[in-house]
Amino acid sequence: MLNCQDATRLMSQSQERGLSLVERMSLKAHQMMCSGCRHFERQMGTIRMVTRAYVQGKNEQEKK
Amino acid sequence: MLYRPASERATKNEVNRREAMAAKDNPQQSTGNMGYLLADEEFLEETRRQLLHFASLQLGDIHLAEDAVQEAMIGALKSASSFSGRAALKTWIFAILKNKIADTLRQKQRTVNASSLLREEDEDEDFSELFDRQGFWQPEERPASWGNPESSLHQGQFWLVFEACLEGLPPRQARVFMMREFLELDADEICAAVGLTTSNLHVLLHRSRLRLRTCLENKWYLQGG
């Protein structure tokens with residue numbers, strides 16, 4: 001049974017590598033019971049999206 | 001005079017064609033309304049400063065960084081006419097710089113001694129602030145919903161918070177995070193460039209994301225952002 005620290009580690013790694021079936025299943029099982037880790041997963045996507053927007057100069061457009 | 005010898009018409013066409021070619025070869029002539037950006041020293045200096053910070057963090061060498069930024073800016077300003085404003089121009093400069101840094105990192109083994117990176121203090125940063133002894137979220141650290149995060153992108157203030165949170169990352173975490181998310185290098189490329197093992201890299205990226213997430217949540221999303 002994963003704890004939150006392990007779950008966030010897997011969610012972070014999933015941004016660099018594909019997770020194995022076992023990893024994905026234990027992550028799902030953990031997330032079913034843990035709202036914090038469900039939010040964490042969505043936030044990883046948000047951070048990537050925000051970073052891409054930043055690189056594309058979105059912040060400059062808003063400063064004008 | 002309605003009649004012109006064919007030879008003269010040809011000559012006129014030739015002249016027009018040459019003028020068109022000259023304009024193409026000389027971008028200054030067609031800079032048009034972008035001229036103000038090139039004359040805006042404050043904008044150029046501010047851009048240069050930001051890029052230099054970024055590049056020196058990535059390359060670990062101020063001289064390499066200065067060269068890369070200079071090349072990127074000169075490259076971009078040559079084609080300044082094709083941009084419709086500061087944001088577009090800055091994006092373009094940044095795109096050139098990213099490629100330049102990525103190439104430099106791919107080509108050469110790091111001039112920065114990889115072992116010097118490993119000696120940094122944040123190596124044994126502990127997680128007890130975030131997680132309890134069983135590794136579950138501390139109650140006040142449990143990630144909350146961020147609502148509709150896309151709407152932040154349109155708020156100038158959000159970007160100041162984002163930049164502050166990035167700058168709050170320990171240098172080593174900031175460096176690999178930016179290599180991964182800004183330069184979009186893959187894990188193997190980053191490991192080769194900075195002399196890390198894959199598991200070192202995973203640890204650093206995990207920490208940087210935990211830290212960045214906490215910072216954004218506390219400084220923005222929980223502030224009613």
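So you know, we letter chains A, B, ... as the sequences are listed, proteins then strands, and number each from 1.
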Participant: Please look at B/Gln134 and chain A and tell me whether the side chain, the backbone, both or neither of the residue comes under 4.5 angstrom of a heavy atom of that chain.
Facilitator: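 Contact with chain A involves the backbone of B/Gln134 alone.
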Participant: Select one option (side chain, backbone, both, neither) describing which atoms of A/Arg38 are under 4.5 Å from chain B's heavy atoms.
Facilitator: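 No part of it gets close to chain B.
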Participant: Just say parallel, tilted or perpendicular for the rings of B/His206 and B/Phe127, cut-offs at 30° and 60°.
Facilitator: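 Taking B/Phe127 first and then B/His206, their aromatic rings sit tilted (interplane angle of 30° to 60°).
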Participant: Who among A/Gln13, A/Glu16, A/Gln15, A/Arg9 has the most heavy-atom pairs with chain B under 4.5 Å?
Facilitator: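 That would be A/Glu16.
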Participant: Which region of A/Met11, side chain (C-beta onward) or backbone (N, CA, C, O), has a non-hydrogen atom less than 4.5 Å from a non-hydrogen atom of chain B, or is it both or neither?
Facilitator: neither
Participant: Can a donor-acceptor pair be found between the side chains of B/Glu46 and B/Gln50 at a distance below 3.5 Å?
Facilitator: yes
Participant: Determine whether the side chains of B/Arg213 and A/Gln43 contain a donor N or O and an acceptor N or O closer than 3.5 Å.
Facilitator: yes
Participant: Checking A/Cys37 against A/Cys4 for the disulfide (SG to SG under 2.5 Å) test, could you report, in this order, the C-alpha distance in whole Å, the side-chain angles of both residues, the deciding distance, and whether it holds?
Facilitator: CA-CA 7 Å; A/Cys37 287; A/Cys4 302; 4.0 Å; no
Participant: Any chance CD of B/Glu129 has more than 12 other-residue heavy atoms, nucleotides or ligands included, within less than 6.0 Å?
Facilitator: no
Participant: Mind checking whether B/Phe158 and B/Trp220 have parallel, tilted or perpendicular rings, split at 30° and 60°?
Facilitator: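 The rings of B/Phe158 and B/Trp220 stand perpendicular, inter-plane angle above 60°.
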Participant: Could you have a look at B/Glu150, B/Arg209, B/Met178, B/Glu184 and say which one has the most heavy-atom pairs with chain A under 4.5 angstrom?
Facilitator: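 Greatest number of close heavy-atom pairs with chain A: B/Arg209.
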Participant: Check each atom of A/Cys34 against the heavy atoms of chain B and say whether the ones under 4.5 Å are side chain, backbone, both or neither.
Facilitator: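 Side chain only.
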Participant: Given heavy-atom pairs under 4.5 angstrom as the criterion, report whether the side chain, backbone, both or neither of B/Gln157 touches chain A.
Facilitator: neither
Participant: Under a 4.5 Å heavy-atom cutoff, which of B/Glu217, B/Arg142, B/Glu181 has the most pairs with chain A?
Facilitator: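 When all of B/Glu217, B/Arg142, B/Glu181 are compared, B/Glu181 has the most.
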Participant: Please classify the contact between A/Thr8 and chain B as side chain, backbone, both or neither, with a heavy-atom cut-off of under 4.5 Å.
Facilitator: both
Participant: Closer than 3.5 angstrom, by distance alone: can the side chain of B/Gln138 be matched with the main-chain N or O of B/Ser128 as a donor-acceptor pair?
Facilitator: yes
Participant: Pick one of side chain, backbone, both or neither for B/Phe162, based on which atoms fall under 4.5 Å of a heavy atom in chain A.
Facilitator: side chain
Participant: Below 4.5 Å from any heavy atom of chain A, which atoms of B/Phe136 appear? Answer side chain, backbone, both or neither.
Facilitator: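 Looking at B/Phe136, backbone and side chain both touch chain A.
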Participant: Is B/Phe131 close to A/Asp6 at the side-chain level, that is, under 4.5 Å between some pair of heavy atoms?
Facilitator: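 A side-chain contact is absent here, since even the closest heavy-atom pair is not under 4.5 Å.
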Participant: In terms of heavy-atom contacts, does CE of A/Met25 have more than 12 from other residues, nucleotides or ligands at under 6.0 Å?
Facilitator: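 No.
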Participant: Is it the backbone or the side chain of B/Leu216 that comes under 4.5 Å from a heavy atom of chain A, or both, or neither?
Facilitator: side chain
Participant: Heavy-atom pairs under 4.5 Å with chain B: which of A/Ser35, A/Ala7, A/Ser12 has the most?
Facilitator: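 Sorted descending by pairs with chain B, the first entry is A/Ser12.
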Participant: Which answer fits B/Ala144, side chain, backbone, both or neither, if we ask what part of it has an atom under 4.5 Å from a heavy atom of chain A?
Facilitator: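 Only the backbone of B/Ala144 comes within 4.5 Å of chain A.
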